[in-house]
Amino acid sequence: WEHVTREEFDAQLEMALNMDRWIIDGNYSRTIQRRIEKCDTVIYLQFGRWICLWGALLRMVRNMGKVRPDMAEGCKERLDWDHIKYIWNYNKTNRVKNESYLAQARHAQKIILKNRKEAKAFLESI
């Protein structure tokens with residue numbers, strides 16, 4: 001649960017963006033415009049707040065006190081009220097801005113998935 005400096009994060013991001021092929025998972029709002037500029041495909045999960053909140057709470061309960069396979073060593077799952085608040089407010093605070101960036105990315109293929117059923121069908125199709 002340690003943050004890297006902004007400079008370190010940006011340097012690592014630029015290294016990834018300059019590779020021939022890359023996949024970046026996450027919505028890091030501060031760098032979304034830069035990532036969209038450099039991508040050829042965006043998979044945008046446009047889920048509602050209740051689905052996102054339910055998924056996060058379920059994941060927290062199932063993994064409380066354990067390190068998930070997708071987390072760094074030593075980062076045990078915990079109840080994080082700031083994260084819950086972030087999820088609850090995400091669509092209100094970020095969705096319009098993100099969709100504006102997507103609209104400007106005429107060069108990129110856009111795949112917008114609106115629920116878990118669509119996401120599962122998409123994963124099964126690739």
Side-chain angles (χ1 to χ4, degrees):
W1 299 104
E2 292 182 26
H3 293 278
V4 297
T5 66
R6 182 176 283 210
E7 294 76 20
E8 197 175 348
F9 182 91
D10 290 348
Q12 290 177 13
L13 175 63
E14 283 304 314
M15 280 182 10
L17 294 177
N18 288 317
M19 296 173 74
D20 291 335
R21 298 171 64 163
W22 47 266
I23 296 173
I24 297 177
D25 172 30
N27 57 14
Y28 315 104
S29 297
R30 186 177 66 79
T31 62
I32 195 168
Q33 189 169 12
R34 179 75 179 123
R35 290 177 286 129
I36 287 176
E37 288 170 0
K38 299 280 283 188
C39 74
D40 61 15
T41 305
V42 175
I43 301 171
Y44 186 62
L45 304 180
Q46 194 181 60
F47 294 2
R49 69 167 45 158
W50 286 106
I51 295 297
C52 294
L53 189 59
W54 176 251
L57 290 172
L58 199 58
R59 187 174 58 241
M60 284 179 202
V61 168
R62 286 182 177 158
N63 297 291
M64 189 62 67
K66 297 183 255 177
V67 177
R68 296 189 334 244
D70 61 322
M71 297 292 284
E73 187 62 38
C75 292
K76 293 181 180 177
E77 188 69 69
R78 63 181 190 216
L79 185 59
D80 183 342
W81 288 109
D82 286 336
H83 186 61
I84 290 169
K85 191 166 83 173
Y86 175 80
I87 293 167
W88 184 254
N89 292 315
Y90 183 82
N91 285 340
K92 184 171 60 173
T93 58
N94 294 300
R95 183 180 235 164
V96 171
K97 181 173 53 175
N98 290 345
E99 290 173 1
S100 171
Y101 292 142
L102 285 176
Q104 294 170 29
R106 301 193 198 317
H107 65 283
Q109 175 188 8
K110 296 168 195 86
I111 301 165
I112 299 175
L113 307 171
K114 296 187 178 196
N115 55 52
R116 294 189 190 283
K117 184 177 178 182
E118 287 182 10
K120 183 178 180 186
F122 171 72
L123 288 173
E124 288 173 352
S125 75
I126 58 173

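The first residue in the sequence is number 1, and the count goes up from there. Bear in mind that the values here come from a model prediction, so they are computed numbers and not experimental data. Just so you know, these numbers use all the heavy atoms, side chains as well, and skip hydrogens, waters and symmetry mates.
Here Leu57 contributes atom CG and His83 contributes atom NE2; the two are 9.0 Å apart, rounded to the nearest 0.5 Å. Between Glu99 atom CD and Lys97 atom NZ the span is 12.5 Å, to the nearest 0.5 Å. Within the model, atoms CG of Leu53 and CH2 of Trp88 stand 6.5 Å from one another, a figure rounded to the nearest 0.5 Å. The distance from the CG atom of Leu102 to the CD1 atom of Ile32 is 6.5 Å, given to the nearest 0.5 Å. Atom CD of Glu118 and atom CG of Asn115 lie 4.5 Å apart (nearest 0.5 Å).
The other members of the hydrophobic cluster of Leu123, by chain and number, are Ile43, Leu45, Phe47, Ile51, Ile111, Leu113, Phe122, Ile126 (side-chain heavy atoms under 4.5 Å, ILVMFWY only). Side-chain heavy-atom separations under 4.5 angstrom define the hydrophobic clusters, and Val96 shares its cluster with no other residue. Residue Tyr86 shares its hydrophobic cluster (ILVMFWY side chains chained together at separations under 4.5 Å) with Tyr90.
Of all non-hydrogen atoms in Arg35 and Trp22, the two that sit nearest each other are O-CH2, 3.8 Å. In this structure, Val67 and Gly74 approach most closely via the heavy-atom pair CG2-N, 3.9 Å. For Ala108 against Val42, the heavy-atom pair with the smallest separation is CB-CG2, 4.5 Å.
For the pair His107 (side chain) and Cys39 (backbone), a donor-acceptor distance under 3.5 Å is present. Although no hydrogens or angles enter the test, the distance criterion places a donor-acceptor pair under 3.5 Å between the side chain of Lys110 and the main chain of Ala105.
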Exercise. Please report the C-alpha distance between Lys38 and Asn18 in whole Å, then the side-chain angles of each, then the deciding distance to 0.1 Å, and finally whether the side-chain contact (heavy atoms from CB on, under 4.5 Å) criterion is met.
Key: CA-CA 9 Å; Lys38 299 280 283 188; Asn18 288 317; 3.4 Å; yes
Practice problem: In sequence, state the C-alpha distance, the side-chain angles, and the governing distance for Phe9 and Thr31, and then conclude on side-chain contact (heavy atoms from CB on, under 4.5 Å). | Solution: CA-CA 10 Å; Phe9 182 91; Thr31 62; 3.9 Å; yes
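The list of salt bridge (Lys or Arg N to Asp or Glu O under 4.0 Å) pairs with a residue in residues 40-63, not counting sequence neighbours, is empty. Evaluation of the salt bridge (Lys or Arg N to Asp or Glu O under 4.0 Å) test over residues 19-34, restricted to residues two or more places apart or in two chains, returns Asp10-Arg30, Glu14-Arg34, Arg34-Glu37.
When side chains are defined from C-beta on, Glu77 does not count as touching Lys66, because their heavy atoms never get closer than 4.5 Å. Between Ile36 and Asn98 the shortest side-chain heavy-atom distance does not fall below 4.5 Å.
No path of Ile, Leu, Val, Met, Phe, Trp and Tyr side chains, each step under 4.5 Å between heavy atoms, connects Ile23 with Leu17, placing them in separate hydrophobic clusters. Cluster membership for Trp50 and Ile84, using ILVMFWY side-chain heavy atoms within less than 4.5 angstrom, is shared.
Taking the side-chain hydrogen bond (donor to acceptor under 3.5 Å, both in side chains) definition, one finds that Asp70 meets it with Arg68, sequence neighbours left out.
Atom CH2 of Trp54 is surrounded by 12 or fewer heavy atoms from other residues, nucleotides or ligands within 6.0 Å.
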